[in-house]
Amino acid sequence: MSMTDEPLYPIAVLIDELKNDDIQLRLNSIRRLSTIARALGEERTRKELIPFLSENNDDDDEVLLAMAEELGVFIPYVGGVEHAHVLLPPLETLSTVEETCVREKAVESLCRVGSQMKESDLVEHFIPLVKRLAAGEWFTARVSACGVFHIAYPSAPDTVKTELRSIYTQLCQDDMPMVRRAAATNLGKFAATIESAHLKTDVMSMFDDLTQDEQDSVRLLAVEGCAALGKLLEPQDCVAHILPVIVNFSQDKSWRVRYMVANQLYELCEAVGPEPTRTELVPAYVRLLRDNEAEVRIAAAGKVTKFCRILNPELAIQHILPCVKELSTDSSQHVRSALASVIMGMAPVLGKDATFEHLLPIFLSLLKDEFPDVRLNIISKLDQVNQVIGIDLLSQSLLPAIVELAEDRHWRVRLAIIEYIPLLASQLGVGFFDDKLGALCMQWLQDKVHSIREAAANNVKRLAEEFGPEWAMQHIVPQVLEMINNPHYLYRMTILRAVSLLAPVMGSEITCSKLLPVVMTAAKDRVPNIKFNVAKVLQSLIPIVDQSVVEKTIRPGLVELSEDPDVDVRFFANQALQSIDNVMMSS
Amino acid sequence: MNGGDDEDVVVVAASSGDQSPPLQWRFSQVFGERSAGEEVQPVDMISAIEFDHSGDHLATGDRGGRVVLFERSDAKHSSGGRRDLEETDYSVRHPEFCYKTEFQSHDPAFDYLKSLEIEEKINKIRWCQTANGALFLLSTNDKTIKYWKVQDKKIKKICDINADPSGAVGNGIVANGVPEALRLPVVVTSHESSPVAKCRRVYPHAHDYHINSISINSDGETFISADDLRINLWNLEISNQSFNIVDVKPEKMEDLSEVITAAEFHPTHCNMLAYSSSKGSIRLIDLRQSALCDSHSKLFEEPDAAGSKSFFTEIIASVSDIKFAKEGRYLLSRDYMTLKLWDINMDSGPVSTFQVHEYLKPKLCDLYENDSIFDKFECCISGNGLRAATGSYSNLFRVFGVSPGSTETATLEASRNPMRRHVPVPSRPSKLGSILAGGSESTAGVDGNSSNALDYTTKLLHLAWHPNENLIACAAGNSLYMYCA
């Protein structure tokens with residue numbers, strides 16, 4: 001690893017540009033710091049490059065961010081793990097800057113470096129760094145300190161461990177809310193490294209401090225710690241210490257805190273076990289589902305499936321389902337939308353009967369919701385219900401609603417339906433499809449919105465794939481080809497598109513006998529756009545049909561188009577002709 | 001603190017009782033003083049003043065979009081010398097400020113969608129948490145809020161580089177341009193440093209109407225911005241999204257009867273904020289209650305005075321500024337004619353009301369005609385919450401004792417000689433006239449008029465009270481005057 005593999009001059013330029021006036025050049029140099037380090041060799045990297053970086057850290061944020069990132073993977077360039085500690089000083093300074101993203105990256109790199117360091121080095125170099133950061137004059141250093149305790153703690157001697165715990169306790173009570181927030185965020189990580197004897201005492205008292213903080217922003221981060229802490233504790237301790245806190249939080253004055261609880265609650269169920277879940281957490285969750293604040297209901301509704309998965313079906317039906325019914329007619333469309341996006345997942349949890357009896361009416365009402373997002377969310381999860389209630393029931397009860405949606409005013413809803421048609425078709429079978437959905441598929445080809453026509457053309461292809469060419473020949477192709485006579489050229493273009501998609505699926509014979517004549521007729525269209533699309537389609541047909549057909553039909557057609565007055569038509573026709581020549585040459 | 005200053009010192013309307021003694025205000029400093037007959041450029045007019053939390057820094061913004069920073073220069077360098085000790089014995093040291101730096105915060109812009117000019121004028125400045133010795137502040141014009149960092153940077157020089165860009169044979173490079181050995185650039189740091197302002201974030205496109213207030217939350221991570229109809233909540237770190245927390249826009253704009261005039265966070269409770277309206281009410285909202293705070297948790301309104309309604313009643317009721325006192329229990333509000341102190345635990349009416357310029361009452365019609373009635377005067381409250389100040393016309397401002405039972409009032413003029421127009425009871429115009437006539441010796445053209453020609457163009461709109469000293473900074477046109485007591 002020295003100056004052998006790379007020429008010197010580019011490296012010299014790279015080094016100089018570490019201090020260039022142009023930020024892009026500096027950034028480039030920092031990103032290639034490993035190249036510089038390789039050229040300098042391990043020793044000079046340790047003795048010159050790293051100190052140089054430590055001293056020159058008043059650069060722009062982008063440069064500092066890149067530096068923090070590079071230093072995290074720099075151990076090989078300073079001579080391996082035994083020298084890793086030389087990376088700490090520059091990262092320490094970077095972890096005190098005022099730009100959050102730089103600090104976070106520096107802390108991440110500190111952790112990465114620290115986790116590879118030898119235990120003795122950690123004690124000698126890393127732990128003092130943690131203490132320095134924690135005692136920093138500015139809050140920025142103290143914020144960063146919170147993120148590195150979990151690396152330092154495991155290898156600390158007992159006395160130092162006690163000290164580290166008490167320092168963390170102080171950070172939890174820092175004057176600056178930013179520091180307390182960082183302490184709350186990192187408590188779970190730190191707690192995971194603390195011996196269980198201290199968990200119940202020291203950690204719980206830190207946790208208590210944070211949960212009683214006067215700042216909402218701190219308390220709501222403490223909620224996040226609940227689940228993580230709960231998993232570390234024995235179930236009975238969790239019930240004794242965490243459960244009351246979370247139940248309290250679920251009734252906090254601040255909706256933001258309740259919102260966090262609604263998001264986290266299901267994770268705690270596993271930690272406390274089934275009985276406390278039934279007696280404490282279910283009622284708390286039910287309260288959140290009926291919260292005054294729509295945002296809280298949105299969060300709670302979004303977790304309804306996850307929560308039900310943990311409960312047994314009876315509890316879910318008895319307690320949760322009534323709330324779900326209420327939420328399905330909630331005044332806030334966002335609540336209904338959140339519910340619609342997860343409610344399908346409840347079907348497997350509740351089983352067939354309960355789904356049919358309780359959930360299906362809710363699905364149906366959500367499917368008819370006035371707000372398109374709600375309908376969309378239901379449609380996109382239909383397959384989950386399928387598995388539970390089977391196709392018969394689904395077709396009877398949901399299909400009318402789906403047909404209705406297929407003609408929805410909002411094109412995004414129609415689009416979502418189209419995307420599910422092949423899936424539905426495969427599940428419903430040919431017979432059912434022909435009656436109900438076939439006509440719709442044709443109708444979409446003449447939709448007013450281009451995206452729908454595009455999707456419809458693709459849909460036709462997927463149906464042909466699903467049911468085979470023979471079926472398609474009977475049920476799709478004639479109808480599609482008929483539409484080539486549509487007076488509007490945009491619709492004729494859609495048909496050309498469908499033809500080019502169908503051709504590979506239908507195979508050479510049908511393409512030659514049915515599709516190609518239609519395309520050739522379209523070559524005489526009065527609209528140039530159609531004509532150059534014909535050229536494109538013909539080009540796409542070349543590999544599908546026989547050589548003789550190409551020479552007999554396609555080439556003459558293209559030659560004619562290549563003499564068209566319109567420049568674009570000539571261009572695409574010539575392109576297609578060229579590709580014929582290419583195919584000939586290669587064959 | 002020599003005897004010469006005593007001329008300026010006037011003992012103000014001493015009241016009976018055991019109040020703290022009335023303050024004796026004296027001129028302290030002036031920046032950008034106007035010389036006689038000098039015309040003030042509109043772009044130089046100061047449009048915002050704000051002290052930082054420590055009181056060590058002061059920022060002003062002007063109509064030209066510039067922000068000027070001042071730094072306290074009387075740093076506590078108590079060397080223990082005899083003179084220092086004598087001085088501390090003699091009287092308290094007053095803060096003194098010196099110019100630190102200035103930067104162009106906003107530039108004129110044009111909204112192409114609405115075909116509207118966007119002025120560069122700084123509407124508000126708010127200081128943020130200091131970190132690593134760098135100063136941070138938010139500044140806003142009508143539409144865009146910016147987050148600035150001002151830091152002293154050491155001047156650095158780089159030498160000893162590998163490849164000389166000029167192509168000449170540089171350090172460590174042999175004649176053919178190939179370096180014989182790699183070396184790192186050497187950076188020589190000089191002892192001189194200069195403050196450098198850098199825009200860290202821009203929070204654009206969140207307001208359809210003109211931003212009238214910005215306020216930092218005590219949680220240190222969020223702030224609000226308010227325009228005529230909406231209040232948005234931002235995270236300082238995230239500039240591309242904000243949450244609308246208050247929206248008073250009616251479905252039909254014809255139904256609009258009230259606009260938001262000012263908004264401020266509670267100084268310690270991160271969940272509370274107050275906003276005032278053009279109808280004279282102040283609403284306190286609790287962010288904990290719901291995500292959209294269209295319903296207030298408390299409403300502060302002056303109980304309707306029976307009878308005495310006139311065409312102007314509603315116009316002059318419009319609140320132009322609100323400020324929380326340090327502890328957050330009291331709230332100061334300014335409307336056109338009065339300064340009011342509210343206790344947030346008492347929503348039946350203000351604790352006290354102070355008449356700022358009662359003598360203008362007969363002139364409301366004139367003031368309406370020349371639009372002066374829509375002037376937005378700011379107010380400020382002292383760090384200890386005992387006194388409040390607000391501005392008026394003719395570059396006058398008034399200081400009131402707001403503690404219970406205090407009758408302290410003072411009228412000062414933003415000039416080197418603040419007391420020459422001293423008006424103990426300005427409710428009687430005749431008295432004001434006589435005092436003005438006697439006291440004026442100024443050469444500035446606008447001064448020296450008699451009271452019946454009150455100068456509506458020289459209005460003192462912006463002023464700020466030092467967070468822990470009796471020091472008021474106020475803007476008279478393009479000049480920044482400071483008074484201490």
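A note on names: the letters A, B, ... follow the listed sequences, proteins ahead of strands, and every chain is numbered from 1.
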- prompt: chain B heavy atoms under 4.5 Å from A:Leu18: which part of the residue, side chain, backbone, both or neither?
  reply: side chain
- request: Heavy atoms only: give me the nearest A:Phe52-B:Leu184 pair and the separation to one decimal.
  value: CB-CD1, 3.9 Å
field: For A:Lys19 against B:Val187, the heavy-atom pair lying closest together
entry: CD-CG2, 3.9 Å
Contacting moiety of B:Lys198, where chain A heavy atoms sit under 4.5 Å: side chain
message: Between B:Thr222 and chain A, with a heavy-atom cut-off of 4.5 Å, which part of the residue counts as in contact: side chain, backbone, both or neither?
response: neither
- prompt: Does the side-chain contact (heavy atoms from CB on, under 4.5 Å) test come out yes or no for B:Gln289 and A:Glu293, once each step is laid out?
  reply: CA-CA 8 Å; B:Gln289 270 173 0; A:Glu293 173 57 40; over 6 Å; no
- line: Residues passing the side chain to side chain contact (heavy atoms under 4.5 Å, CB included) test with A:Leu25, sequence neighbours excluded, are A:Glu17, A:Asn20, A:Asp22
- prompt: Tell me, side chain or backbone of A:Asp21 under 4.5 Å from chain B's heavy atoms, or both, or neither?
  reply: neither
- prompt: Would B:Asp219 and A:Arg181 count as a side-chain contact (heavy atoms from CB on, under 4.5 Å) if you check the C-alpha gap in whole Å, the side-chain angles of each, and the deciding distance to 0.1 Å?
  reply: CA-CA 10 Å; B:Asp219 69 9; A:Arg181 278 198 293 275; 3.7 Å; yes
- prompt: Crowded around A:Glu43 CD? As in, over 12 foreign heavy atoms under 6.0 Å?
  reply: no
- request: Step through the shown structure and confirm whether more than 12 heavy atoms of other residues, nucleotides or ligands are within 6.0 Å of OH on A:Tyr259.
  value: no
- request: Taking all non-hydrogen atoms of both residues into account, name the closest pair between A:Pro177 and B:Ser218 and its distance.
  value: CG-O, 3.5 Å
Name every donor-acceptor pair, under 3.5 Å, that has one atom in a side chain of residues 132-140 of chain A and the other anywhere in the protein, sequence neighbours excluded.
unit_1   : atom_1 : unit_2   : atom_2 : d
A:Arg132 : NE     : A:Glu92  : OE1    : 3.4
A:Arg132 : NE     : A:Glu92  : OE2    : 2.8
A:Arg132 : NH2    : A:Glu92  : OE1    : 2.7
A:Thr140 : OG1    : A:Thr96  : O      : 2.9
A:Thr140 : OG1    : B:Asn132 : OD1    : 2.9

N/O donor-acceptor pair under 3.5 Å between B:Arg183 side chain and A:Ala12 backbone: no
- prompt: So which of A:Val97, A:Asp61, A:Asn292, A:Val257 has the largest heavy-atom pair count under 4.5 angstrom toward chain B?
  reply: A:Asp61
field: Note, B:Pro185 side chain near A:Ile15 side chain (heavy atom, < 4.5 Å)
entry: yes
- request: Please look at A:Ile36 and chain B and tell me whether the side chain, the backbone, both or neither of the residue comes under 4.5 angstrom of a heavy atom of that chain.
  value: neither
Part of A:Glu295 within contact of chain B (heavy atom distance under 4.5 Å): side chain
